[in-house]
Amino acid sequence: MTATTVVDQVHPGDHVCWTHDDEGAALDAVGHFAATGLRLGHKVVCFTETSPPQAVRARVDAVGVPTEAAVAAGQLRIVPAVEVYPTGGRPTPETMVATVVDEVDRARHEGYPGIRLSGDMTWVLRSGTTLDDLRRYETALNPLFLDARVAGLCLYDRRIFPADGMRDIAAAHPGTAGPGTARTWVPLLRVYRTTDPPGLRLVGQVDRSNREAFTAVLHHVTADQPAAGRPPVLDVSELSFADVGAATALVRADRANATGIRLVGCRPALHRLLHLLGGVSAEHAA
């Protein structure tokens with residue numbers, strides 16, 4: 001299974017932790033990820049570190065998508081991460097998130113239907129940012145993906161980042177992949193914002209490997225609900241598995257929100273968990 005084949009399955013709305021142990025495989029992934037975005041007419045922004053911008057651009061060209069016109073029009077931007085993220089002291093999760101939000105807002109104002117962002121996160125290790133701050137940054141990014149207009153590929157070199165820290169960082173992403181990932185891979189969880197009724201649609205699974213990302217979007221949609229509004233509705237009919245931790249997060253969100261939350265399409269296993277934990281307003285799947 002090639003890295004580029006897996007990258008083909010990263011869609012708008014996906015926030016993926018891409019782990020690797022080879023610079024060439026990482027470069028292939030970024031090149032293919034960027035080329036797909038250009039084909040779709042999206043804006044593409046690549047924050048580089050290990051590979052220089054020229055190498056990334058050459059790899060996109062090699063995939064068969066000429067970059068000259070895209071660079072000239074501003075559709076494709078490839079820049080060292082250290083030139084984009086705040087300098088003059090240790091970057092905080094808040095300032096790092098603000099940098100990404102600015103890119104997303106700029107693409108929207110420029111009229112692009114979507115934006116693809118890739119980031120080689122190796123730069124963080126020499127910035128003074130702690131792994132916990134990095135985890136908080138990745139967690140806080142998740143609400144940006146709810147409208148399915150943003151796709152993110154965050155590259156982490158397993159040879160450099162410690163294994164225990166990587167587990168926590170990966171859990172801040174709804175899905176994790178890399179070279180060697182199975183052909184059937186899709187992000188473990190996909191979450192979409194709904195407007196009628198206001199809430200979320202959840203597709204896939206929640207377990208320890210992505211629970212922090214799940215909790216982040218859950219907190220966002222409950223905190224964002226107008227005080228006078230109805231409870232946010234979570235469509236969980238396509239949620240095939242949720243562990244005890246996920247059920248606990250749902251119960252806590254229900255208790256913390258003034259209007260509570262309402263689940264629709266709840267499968268029997270999740271319904272039983274919620275009942276044991278004290279309950280959330282849930283409707284069984286048909």
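Since the structure is predicted, the reported quantities are computational estimates derived from the model, not experimental observations. Just so you know, these numbers use all the heavy atoms, side chains as well, and skip hydrogens, waters and symmetry mates.
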Under 4.5 Å between any side-chain heavy atoms of [X] and [Y], yes or no?
{"X": "H42", "Y": "P113", "answer": "yes"}
{"X": "S240", "Y": "R267", "answer": "yes"}
{"X": "I169", "Y": "Y137", "answer": "no"}

(message) Looking at R208, I want to see if its CZ is surrounded by more than 12 non-hydrogen atoms of other residues, nucleotides or ligands under 6.0 Å.
(response) no
(message) Looking at H11, I want to see if its NE2 is surrounded by more than 12 non-hydrogen atoms of other residues, nucleotides or ligands under 6.0 Å.
(response) yes
Atom [atom1] of [X] and atom [atom2] of [Y]: how far apart are they, to the nearest 0.5 Å?
{"X": "N257", "Y": "R252", "atom1": "CG", "atom2": "CZ", "answer": "16.0 Å"}
{"X": "L218", "Y": "L200", "atom1": "CG", "atom2": "CG", "answer": "7.5 Å"}
{"X": "L234", "Y": "L239", "atom1": "CG", "atom2": "CG", "answer": "9.5 Å"}
{"X": "T139", "Y": "H220", "atom1": "OG1", "atom2": "NE2", "answer": "14.0 Å"}
{"X": "D207", "Y": "L188", "atom1": "CG", "atom2": "CG", "answer": "5.0 Å"}
{"X": "I261", "Y": "R255", "atom1": "CD1", "atom2": "CZ", "answer": "11.0 Å"}

(message) Is a donor from one side chain sitting under 3.5 angstrom from an acceptor on the other, for T48 and S51?
(response) no
(request) Establish, from distance only, whether the side-chain atoms of D120 and T50 form a donor-acceptor pair under 3.5 Å. (result) yes
(request) Sort out for me which residue in R190, H173, H15 forms a side-chain contact (heavy atoms from CB on, under 4.5 Å) with F145. (result) H15
Say whether, by atom type as modelled, one donor and one acceptor occur between the side chain of [X] and the main chain of [Y] under 3.5 angstrom.
{"X": "S209", "Y": "A171", "value": "no"}
{"X": "D147", "Y": "R193", "value": "no"}
{"X": "D168", "Y": "G165", "value": "no"}
{"X": "T194", "Y": "G199", "value": "yes"}

(message) Do V7 and W185 sit in one hydrophobic cluster, given that two such residues count as connected whenever their side-chain heavy atoms are within less than 4.5 Å of each other, even indirectly?
(response) yes
(message) Using the rule given for side chain to side chain donor-acceptor pair (under 3.5 Å), can you reason through T130 versus D132, listing the C-alpha separation, both sets of side-chain angles and the distance that settles it, and then say yes or no?
(response) CA-CA 5 Å; T130 66; D132 186 60; 5.2 Å; no
(request) Anything under 30° is parallel, anything over 60° is perpendicular, the rest tilted; go ahead and classify Y156 against F161. (result) perpendicular
Testing the basics here: between [X] and [Y], what is the closest heavy-atom pair and its distance to 0.1 Å?
{"X": "P91", "Y": "S127", "value": "CD-O, 3.6 Å"}
{"X": "T215", "Y": "A249", "value": "OG1-CB, 4.0 Å"}
{"X": "A247", "Y": "L273", "value": "CB-CB, 4.0 Å"}
{"X": "Y112", "Y": "A73", "value": "OH-O, 4.1 Å"}

(message) Regarding D133 and R136, does a basic nitrogen lie under 4.0 Å from an acidic carboxylate oxygen?
(response) yes
(message) Checking R135 against E138 for the salt bridge (Lys or Arg N to Asp or Glu O under 4.0 Å) test, could you report, in this order, the C-alpha distance in whole Å, the side-chain angles of both residues, the deciding distance, and whether it holds?
(response) CA-CA 5 Å; R135 174 192 59 78; E138 294 285 15; over 6 Å; no
(message) Determine whether D21 and R159 satisfy the following criterion, salt bridge (Lys or Arg N to Asp or Glu O under 4.0 Å), listing intermediate values before the conclusion.
(response) CA-CA 6 Å; D21 53 14; R159 298 168 300 178; 6.0 Å; no
